[in-house]
Peer 1: 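Here it is, the structure, as structure tokens.
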Amino acid sequence: MKIQESGTLTGQNLHLSFGSNHVLRGIDLHVDQGTTASVIGPSGSGKSTLLRVLNRLIEPDQGDILLDGRSVLKDNPDELRRRIGMVFQQFNLFPHKTVLDNVSLALRKLRRMSADEAREKALAQLDLVGLKHKADARPGNLSGGQQQRVAIARALAMDPEVMFFDEATSALDPELVKGVLALMADLAAGGMTMVVVTHEMGFSRNVSDTVTFMDGGVVVETGPPAAVFDDPQTPRLKSFLSDVL
Ligand SMILES: Nc1ncnc2c1ncn2[C@@H]1O[C@H](COP(=O)(O)OP(=O)(O)OP(=O)(O)O)[C@@H](O)[C@H]1O
């Protein structure tokens, strides 16, 4: 994996409404380059929406997004999405293409690599996630955990500065969750900058540098895992933790 020397990401006072539903109500989130921020909170609190706003799949109504201290809102949104890799709950692989083609396609189309170059890079990336031997398989013949590791390889192949994970293990059978979380932990330990929306409290506590607890579209508490999990300050976080731990 190529570790980037840039990738400090900041969301400032982000607001977003869907019609009359004010989903993000002034969110601040800061992730230093080389660190992992996890975002936790009850269903509907706005976690996924925050990720989509931070990579400009949805434009914020208000607020700013900075990469390495520079606002990116006036840039072409494709430029930001090129710099941020995204892994979704539902892998989003092309079912009719091989695993290798799934990983190499964007390298050829967006990075204009030759077929040989893209193949080489895709195989190296698949090797990193332990799936080089599945290069010629179709996604449907892989387990959910393997498919998610292919999706991670596909995102990493683009050399992103930051990786976003949106409940990457929520669709997996319990026995497959561990392998994907272990891969994510390896990436974090290797210095990747990551924002991880997760219901996996063990991962959040053990792997993150910071934990942000959202509820009702606001950040209720944020801090290092020990503070958030062992010394919650607000009734809302106390109640959430007593429900999920
Ligand atoms: N595309 C959309 N159009 C309209 N409303 C939306 C859209 N996406 C999300 N919402 C609404 O925004 C709110 C926040 O949803 P979001 O998916 O961000 O929450 P979440 O914290 O990620 O929840 P979960 O943990 O269940 O995934 C919800 O009320 C949801 O119904």
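Both counts, for ligands and for their atoms, begin at 1 and track the order of listing. Throughout, numbering of the chain's residues begins at 1 and tracks the sequence.
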Peer 1: Rounded to the nearest 0.5 Å, what separates atom CG in Asp101 from atom CZ in Arg119?
Peer 2: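 Answer rounded to 0.5 Å: 9.5 Å.
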Peer 1: Can you name the residues that come within less than 4.0 Å of ligand 1, going by heavy atoms only?
Peer 2: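 Within the 4.0 Å shell of ligand 1, which is judged on heavy atoms, sit Phe18, Asn21, Val23, Pro42, Ser43, Gly44, Ser45, Gly46, Lys47, Ser48, Thr49, Glu167, His199.
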Peer 1: Kindly compute the distance separating CD (Gln147) from CG (Asn92), expressed to the nearest 0.5 Å.
Peer 2: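 CG of Asn92 is found 10.5 Å from CD of Gln147.
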Peer 1: Just how far is it from atom CG of Leu54 to atom OG1 of Thr10, taken to the nearest 0.5 Å?
Peer 2: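 Nearest 0.5 Å value for the CG-OG1 distance: 9.5 Å.
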Peer 1: Between Ser170 and Gln89, does any side-chain donor sit less than 3.5 Å from a side-chain acceptor?
Peer 2: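 The criterion, which ignores hydrogens and geometry beyond distance, is not satisfied for Gln89 and Ser170.
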Peer 1: In Å and rounded to the nearest 0.5 Å, what is the CG to CZ distance from Asn76 to Arg81?
Peer 2: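 If I round to the nearest 0.5 Å, the distance is 8.0 Å.
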Peer 1: With a 6.0 Å cut-off (strictly less than), is the heavy-atom count around NE2 of His96, excluding the residue itself, greater than 12?
Peer 2: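 Atom NE2 in His96 is not crowded, with 12 or fewer foreign heavy atoms closer than 6.0 Å.
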